Engineer: 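Okay, handing you the structure first.
Remember, predicted model here, so these are calculated numbers, not experimental data. Note that the numbering runs from 1 along the sequence shown for the chain.
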Amino acid sequence: MYQSPHYQIPLPVAPVWRRIAALVYDSLLLLALSMAYGGIALAIHVALFGTGSEEYQPRLTHPLFPIGWYICLSSFYVFFWCRAGQTAGMKAWRLTIIGEENRHPSVKAAYIRAVLSSFLAPSLIGYVWTWLDKDKLCLHDRLSQTKVLLEPPRKKKKKAK
């Protein structure tokens, strides 16, 4: 059990299935962000180099394109983890992330977590690690010194009559 910055009660570590559900939810937002990034990168490419002979099929083969895309997607997570302690998917599944001293993670910890989880999550190594860890933390949690906690259920608002 860990303390969250928003709750006075200790919170348990989030189960893997909730983390994956939040990741699936966030993937829809990342898809939209990827489309926006691609549109901006395409506009910059066309402005700098023109359309060439392939007017409707420009090729973004410069190595900076995937590097910028990776930075864009990882910055999405870092921004929300540092600002609110959760992304939209994490909020929907009642997850929050904390760093040292039960606060939102630092920018450094969030970037370490983003980079590690982008390599560990697809292979599931980070999630399988929970079976080996005494605190049930994922490998990217352990290495970035962060924790993903399960928030208590939200109170339902009473309808006005």
Engineer: With a 4.5 Å cut-off on side-chain heavy-atom distances among I, L, V, M, F, W and Y, is there a chain of contacts connecting Phe80 to Leu23?
Structural biologist: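 Yes; tracing contacts between hydrophobic side chains, which count when under 4.5 Å, links both residues.
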Engineer: Can you name the closest pair of heavy atoms from Ala92 and Tyr25 and give their distance?
Structural biologist: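 Heavy atoms only, the tightest pair is CB-CE1, 4.0 Å.
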Engineer: State plainly whether one hydrophobic cluster holds both Ile125 and Tyr127, where clusters connect Ile, Leu, Val, Met, Phe, Trp and Tyr through side-chain heavy atoms under 4.5 angstrom apart.
Structural biologist: no
Engineer: Can you hop from Ile97 to Phe79 via hydrophobic side chains spaced under 4.5 Å?
Structural biologist: yes
Engineer: Between Asp135 and Asp133, what is the shortest heavy-atom contact and its length?
Structural biologist: N-OD1, 2.8 Å
Engineer: Might you point out which heavy atoms bring Ala109 and Thr146 nearest each other, and give the distance in Å?
Structural biologist: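 Shortest heavy-atom separation between Ala109 and Thr146 comes out as CB-CG2, 4.2 Å.
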Engineer: On a heavy-atom basis, which atom in Arg113 and which in Ser144 lie closest, and how many Å separate them?
Structural biologist: CB-OG, 3.6 Å
Engineer: Given side chains that start at C-beta, do those of Leu137 and Lys147 come closer than 4.5 Å, heavy atoms only?
Structural biologist: yes
Engineer: Can you hop from Val78 to Phe76 via hydrophobic side chains spaced under 4.5 Å?
Structural biologist: no
Engineer: Please table the atom pairs, donor to acceptor, closer than 3.5 Å between any side-chain atom in residues 31-40 and protein atoms at least two apart or in another chain.
Structural biologist:
residue	atom	partner	partner atom	Å
Ser34	OG	Leu30	O	2.8
Ser34	OG	Trp69	NE1	2.8
Tyr37	OH	Phe65	O	2.9
Tyr37	OH	Trp69	N	3.2

Engineer: Taking atom types as modelled and ignoring hydrogens, do the side chains of Tyr111 and Ser75 form a donor-acceptor contact shorter than 3.5 angstrom?
Structural biologist: yes
Engineer: What is the minimum heavy-atom distance between Pro105 and Ala110, and which atoms define it?
Structural biologist: CB-N, 4.4 Å
Engineer: Just verifying a value: how many Å separate Lys91 NZ and Arg154 CZ, rounded to the nearest 0.5 Å?
Structural biologist: 6.0 Å
Engineer: For Leu116, give me all partners under side chain to side chain contact (heavy atoms under 4.5 Å, CB included), at least two apart in sequence or on another chain.
Structural biologist: Ile112, Leu120, His140, Leu143
Engineer: Within this structure, what is the CG-OG1 distance for the pair Leu11 and Thr96, rounded to the nearest 0.5 Å?
Structural biologist: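 Output value for this atom pair is 8.0 Å.
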Engineer: Can you find a heavy atom in the side chain of Leu150 that is under 4.5 Å from one in the side chain of Val13?
Structural biologist: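 In short, these two side chains do not touch, never coming nearer than 4.5 Å.
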Engineer: State yes or no: do Tyr77 and Val115 share one hydrophobic cluster built from I, L, V, M, F, W and Y residues joined by side-chain heavy-atom distances below 4.5 Å, directly or via other members?
Structural biologist: no
Engineer: How far does CH2 of Trp81 sit from OG of Ser106, to the nearest 0.5 angstrom?
Structural biologist: 12.0 Å
Engineer: Listing request: all side-chain hydrogen bond (donor to acceptor under 3.5 Å, both in side chains) pairs with a residue in residues 10-24, at least two apart in sequence or in separate chains.
Structural biologist: Arg19-Asp141
Engineer: Do the side-chain N and O atoms of Ser118 and Tyr70 include a donor-acceptor pair separated by under 3.5 angstrom?
Structural biologist: yes
Engineer: Has Arg142 got its NZ or CZ under 6.0 Å from the middle of the six-membered ring of Trp129, at an angle within 45 degrees of the ring axis?
Structural biologist: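 No; the conditions do not both hold, so Arg142 does not lie above the ring face of Trp129.
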